[in-house]
Amino acid sequence: MRNILPGFAMAMVALAMLTACESDNATLLTDGLWTFKDMSTDSNESAIISLVSLGEALLTGATLEFQEGGTYILNSALVEDPTFGQWELIGDDQLVLEPDGEAPSTSRIVILTKEKLSYSEGFLDAQQNSYAVTTTWARN
């Protein structure tokens, strides 16, 4: 029994290391091109719903590439030049996107798998009511 325990312990450590590598969010983000799928809001305000619909229209067919080293490229068929910026993960569920020359935005990652990325950002409307906008991408 004593001879089995060290081997079993080593196998469990190796399994834990492999599982940690598979779920590394930075690796999941940078492992290919993402295609825009959806943008939605939990707001009932018509002006916000209209803005989110406009954002969704502008992103239709867009691709997003997270590169190692913290840069990203966003290409949209409706925008002539791609958008470049910096990205950063804070912990396992905070995604910071900073387009070049613009203020950064911080979103909470809702879903991140090999096939799907969904993140949600909180805002305040003119009446100081909070609402969220959720953006979803799928792996190409």
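Nothing here was measured: the structure is a model prediction, and the numbers come from that model. Residues: numbered from 1 along the sequence shown.
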Between [atom1] of [X] and [atom2] of [Y], what distance do you get to the nearest 0.5 Å?
X: Glu68; Y: Thr30; atom1: CD; atom2: OG1; answer: 5.0 Å
X: Leu64; Y: Trp34; atom1: CG; atom2: CH2; answer: 9.0 Å
X: Ile111; Y: Lys116; atom1: CD1; atom2: NZ; answer: 4.0 Å
X: Asn25; Y: Ile109; atom1: CG; atom2: CD1; answer: 5.5 Å

- Message: Any heavy-atom pair between the side chains of Leu29 and Leu89 that's under 4.5 Å?
- Response: yes

- Message: For Leu117 versus Phe66, what's the shortest heavy-atom pair and its separation?
- Response: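 That would be CD2-CE1, 3.8 Å.
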
- Query: Can you name the closest pair of heavy atoms from Ser107 and Glu121 and give their distance?
  - Reply: OG-CB, 3.6 Å

Would you tabulate the side-chain donor-acceptor contacts of residues 132-139 under 3.5 Å, counting partners in other chains and residues two or more places apart, or write 'none'?
residue, atom, partner, partner atom, Å
Thr134, OG1, Ser120, OG, 3.4
Thr136, OG1, Ser118, OG, 3.3
Trp137, NE1, Tyr119, OH, 3.1
Arg139, NE, Lys114, O, 2.9
Arg139, NH1, Asp31, O, 3.3
Arg139, NH1, Gly32, O, 3.3
Arg139, NH2, Leu28, O, 2.5

- Selection residues 41-63 - residue pairs positive for side-chain hydrogen bond (donor to acceptor under 3.5 Å, both in side chains), sequence neighbours left out: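 For residues 41-63: none.
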
- Are Val52 and Leu59 connected in the hydrophobic side-chain network, where two residues link if heavy atoms are under 4.5 Å apart? yes

Check: residues 73-88 side-chain donor-acceptor pairs under 3.5 Å, at least two apart:
residue, atom, partner, partner atom, Å
Ser76, OG, Leu58, O, 2.6
Ser76, OG, Leu78, N, 3.4
Trp87, NE1, Gln67, O, 3.0
Trp87, NE1, Thr71, O, 3.1

